[in-house]
Structures are given as structure tokens and as C-alpha cells.
Amino acid sequence: GTFELRSPLIVDAELTIKGAGADRTIIDFGAGSQGFDVRRAGLSLVDVTVRGGTTEGDGGAIAVDRSPLVLRNVVVSGASAGGDGGAIAAVGSIVSITSSTFEDNTASRGGAVLALESEVEIVDSTFAGNGARDGGGAILLSFPVMASITGSQLIENIATVGPGGAVFVQGSGSTGDAVVVTKSVFETNSASNEGGALFAEGAPLELRETTFRANDASAGGAVAIDGAAVDVLSGSVFEENRAALGLGGGLYASDAAVVDHARFDGNTAVGDGGAIAAFGDTTITDTAFVGNATNGSGGALAAFGSVTQGE
């Protein structure tokens, strides 16, 4: 059934809600109220849909403060925040998202999810059609304690002014644990700034067996990273991404980059580096470059630092 709630649901003790399936159990907060307000307790949602929820602050559907949050087989749609995290805003929390879908959520940053100083694990989930003005069309990871995205689909998310069409990662420097993305697909995401699919600032990235297809940004058509290292490993594919104004049709890297057993196919850039624009020490091993193009120099690779061919 559908349960209509028109005021915030404050959670100050452990709460688990298990529905009969996301298509059968719907919690509807509408457009006039924030949803769950979790205050140093814990919330688990299983087999439900959370629809609507709005706030002028952070976390339209779910706001979590220093608490564990678990979502499994959940759909979150149509939530909005004037601040960050249209669907979820988590601060100092542990967030686990499995087999869930986030669609049509909006915020200033992190259209679907904001996680600040939190542990985040996203597995087998879909983020589609989410939007943010100032970055992270779907997800904003701000100073993550630990973060991973595995087996997930991020499709048609948009950052209309800021960077990171699907994901924006903010870190404090080049040290610390990398944000790890494995066996995922980023497709047709866009940013008017850098990183059509993914932008990281001061946070290392590790990309494994992940496909970036038809993403678009001003620079770093698929991925842009500034102030930290990036590893592109184990069969990752960049195809038909575009840097519409600047460098790096597939990948823009300001610092050290390792590219190992990857493929760059049909990426384009108005500036240098049809496939890759790299400014730090770059190591490339067993990687294919096919049909990449640029209006500048380096159809495959524009390197402004040292380049090493790996064994």
C-alpha cells in the first residue's frame, strides 16, 4: 500500500522498515515536508519505495546524523533539497546502499546523495536522472572516510553548473584511502564544468573494470581528477566521451596516473588529449587507443609530465 506522510518522521531509536516490495510498499512524503530525520540512532529500509520529501536544507528524503543507514532493494525518487543531498544527506555516518535505485532527485550538490565524513558502500545500485547545480549530479562524497561503488549503473545524471555529472569527490589531499569504483557503468552523464561522469578534487581514485560511455564535460569528458593520483586498471573502458571546451576527452589527470589494461575508443576533445590529458608522471601498460581525436595536440595522449611504458 501507499503511506502518505506530511511531516518529518523523527528517528531517535533503532528503526527497521521492511516492505512487501518496492512496487507494493510506498512511503510518500509529498512535496511539502522532509522525510526521515535520523538522530544518532539507526535506520534500515528494505523492499520499499520512498517518494518525495523536500527541504530547504540537506537531505530531502533522509537526513542522517552520526548514525548507520542501510538501504536494500529500495527506490528513492522525486526528493529535493535546497542544500546538499536531494534524497540522502549523511554526516559522520555509515551508509550501505544495495540493489537500490535513485531517480529524479535534485539538490544544490549531490542530487541523490551527500555523504560528509562518512563511510559509504554502494553495491548493485542505479542512479538515473538525478541533478545538481553545483556538482555531483547523483553523488557528493565530501572528505570520505571510506567509499566504494561496485556493480552499479550511473546514467543521465547532470551537474548544470559545477563538476562531476554523476559523482563529485572532495578530499583533503593526495594521501588517504582511494575512492574505489569497480565493475560499474557511467553513461550519458554530463557536467558544464569538469568530469562528465566523475570529478575528484584532492581525493585519489581507483577505477577497476568500469565503463565510461558517452559522458560530456568542459574538460575530462568522462573523468577529471585534480590534486591526487588516479589508477585506471583491469579492463576499464572509455568510449565516445567528449571534452567540449578543454582537455582530456576521456581522462584529465593533474597528478600521477597509472593506466593498465584499459581501452580508450572514440573519445574527443576540443583542447589537447583526445583520450587522455596528463600533467603528472604517467605510466601506461597494455592499453589500446582507437579512433580518439582532438582539435589540439595528442589524439590519444597529451602528456605534460613524464610518461613510462609499463611492463
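Everything quoted here is computed from the prediction, not taken from an experiment.
Classification of Arg39 and Asp12 as a salt-bridged pair fails, no side-chain N sitting under 4.0 Å from a carboxylate O.
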- Can you list the steps and then say if Glu117 with Val91 is a side-chain contact (heavy atoms from CB on, under 4.5 Å)? CA-CA 6 Å; Glu117 297 177 347; Val91 178; 5.6 Å; no
- Message: Go through it in stages, so that I can follow the logic: the residues are Phe127 and Val113, the test is side-chain contact (heavy atoms from CB on, under 4.5 Å), and I'd like the CA-CA distance, side-chain angles, deciding distance and then a yes or no.
- Response: CA-CA 10 Å; Phe127 293 79; Val113 175; 4.0 Å; yes
- Task: In sequence, state the C-alpha distance, the side-chain angles, and the governing distance for Leu251 and Val232, and then conclude on side-chain contact (heavy atoms from CB on, under 4.5 Å).
- Result: CA-CA 10 Å; Leu251 171 66; Val232 180; 4.2 Å; yes
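Below 30°, between 30° and 60°, or above 60°: for Phe199 and Phe168 the angle between ring planes is between 30° and 60°, a tilted geometry.
Side-chain contact of Ser254 with Asp226: a donor-acceptor pair under 3.5 Å is present, judged by distance alone. Side-chain contact of Ser80 with Thr54: a donor-acceptor pair under 3.5 Å is present, judged by distance alone. Using modelled atom types and a 3.5 Å distance limit, the side chains of Gln153 and Thr126 yield no donor-acceptor pair.
Looking only at side-chain heavy atoms (C-beta outward), Asp58 and Leu116 stay at 4.5 Å or farther from each other. Inter-residue side-chain proximity for Val181 and Phe186 is flagged as met; some heavy-atom pair is nearer than 4.5 Å. Inter-residue side-chain proximity for Asp265 and Glu240 is flagged as unmet; no heavy-atom pair is nearer than 4.5 Å. Two residues are said to be in side-chain contact when any heavy atoms from C-beta on lie closer than 4.5 Å; Leu69 and Val38 fail this criterion.
Panel note: side chain Asp84, backbone Leu140; no donor-acceptor pair is recorded below 3.5 Å. Judged by distance alone, the side chain of Glu194 and the main-chain N or O of Ile225 form no donor-acceptor pair under 3.5 Å. No donor-acceptor pair closer than 3.5 Å links the side chain of Asn241 to the backbone N or O of Asn267. In this structure, the side chain of Ser236 does not engage the main chain of Ser234 through any donor-acceptor pair within 3.5 Å. Looking at Ser192, its side chain does come within 3.5 Å of a backbone N or O of Thr160 through a donor-acceptor pair. Not a single donor-acceptor pair under 3.5 Å links the side chain of Asn292 to the backbone N or O of Ala300.
Counting all heavy atoms, side chain and backbone alike, Gly92 lies closest to Ser118 at N-OG, 3.2 Å. Between Ala269 and Gly249, the shortest heavy-atom contact is CB-N, 3.6 Å. Of all heavy-atom pairs between Ala132 and Gly111, the closest is CB-N, 3.7 Å. Shortest non-hydrogen contact noted between Ser108 and Gly82 is CB-O, 3.5 Å. Looking at every heavy atom in both residues, Ser125 comes nearest to Ser99 through OG-N, 3.3 Å. Ser67 approaches Gly42 most closely through the heavy-atom pair CB-N, 4.3 Å.
Residues passing the salt bridge (charged side-chain N to carboxylate O under 4.0 Å, His left out) test with Asp134, sequence neighbours excluded: none. Listed by chain and residue number, Asn130 satisfy the side chain to side chain donor-acceptor pair (under 3.5 Å) test with Asn105 (two or more places apart in sequence, or in another chain).
The hydrophobic cluster containing Val11 also contains Val95, counting ILVMFWY residues as joined when their side-chain heavy atoms lie under 4.5 angstrom apart, directly or transitively. Hydrophobic clustering (ILVMFWY, side-chain heavy atoms < 4.5 Å, transitive): Phe212 and Ile149 are in one cluster. Leu45 and Ile10 fall into different hydrophobic clusters, where Ile, Leu, Val, Met, Phe, Trp and Tyr residues are linked whenever their side-chain heavy atoms come under 4.5 Å apart, directly or through other members. At a threshold of 4.5 Å between side-chain heavy atoms, the hydrophobic network of Ile, Leu, Val, Met, Phe, Trp and Tyr places Val74 and Ile17 in one connected group. There is a path of hydrophobic side-chain contacts, each under 4.5 Å, that joins Val48 to Leu5.
The NZ atom of Lys183 sits 15.0 Å away from atom CG of Leu207, with the distance rounded to the nearest 0.5 Å. We find the CD-OG distance between Glu201 and Ser142 to be 10.0 Å, quoted to the nearest 0.5 Å. Rounded to the nearest 0.5 Å, atoms CG (Leu43) and OG1 (Thr16) are 7.5 Å apart. One distance of note links NZ of Lys18 with OG of Ser44; it measures 12.0 Å at 0.5 Å rounding. Rounded to the nearest 0.5 Å, atoms OG1 (Thr308) and CG (Asp281) are 7.0 Å apart. Within the model, atoms CD1 of Ile27 and CD of Glu4 stand 12.5 Å from one another, a figure rounded to the nearest 0.5 Å.
The residue from Val50, Val75, Ile139, Leu71 that alone fulfils the side chain to side chain contact (heavy atoms under 4.5 Å, CB included) condition with Phe102 is Leu71. Of the options Asn215, Asp216, Leu154, Ile155, a side chain to side chain contact (heavy atoms under 4.5 Å, CB included) to Thr188 is made by Ile155 and by none of the others. Results of the side chain to side chain contact (heavy atoms under 4.5 Å, CB included) test with Val259 over Ile276, Asp286, Thr285, Thr283 single out Ile276 as the only residue that passes. Put simply, the residue from Phe238, Phe279, Phe304 that forms a ring-ring contact (aromatic ring centres under 6.0 Å, His included) with Tyr252 is Phe279.
Residue pairs satisfying the ring-ring contact (aromatic ring centres under 6.0 Å, His included) criterion with at least one member in residues 17-44, sequence neighbours excluded, are listed as follows: Phe29-Phe36.
More than 12 heavy atoms of other residues, nucleotides or ligands lie within 6.0 Å of CZ in Arg6, so this atom counts as buried by the packing criterion.
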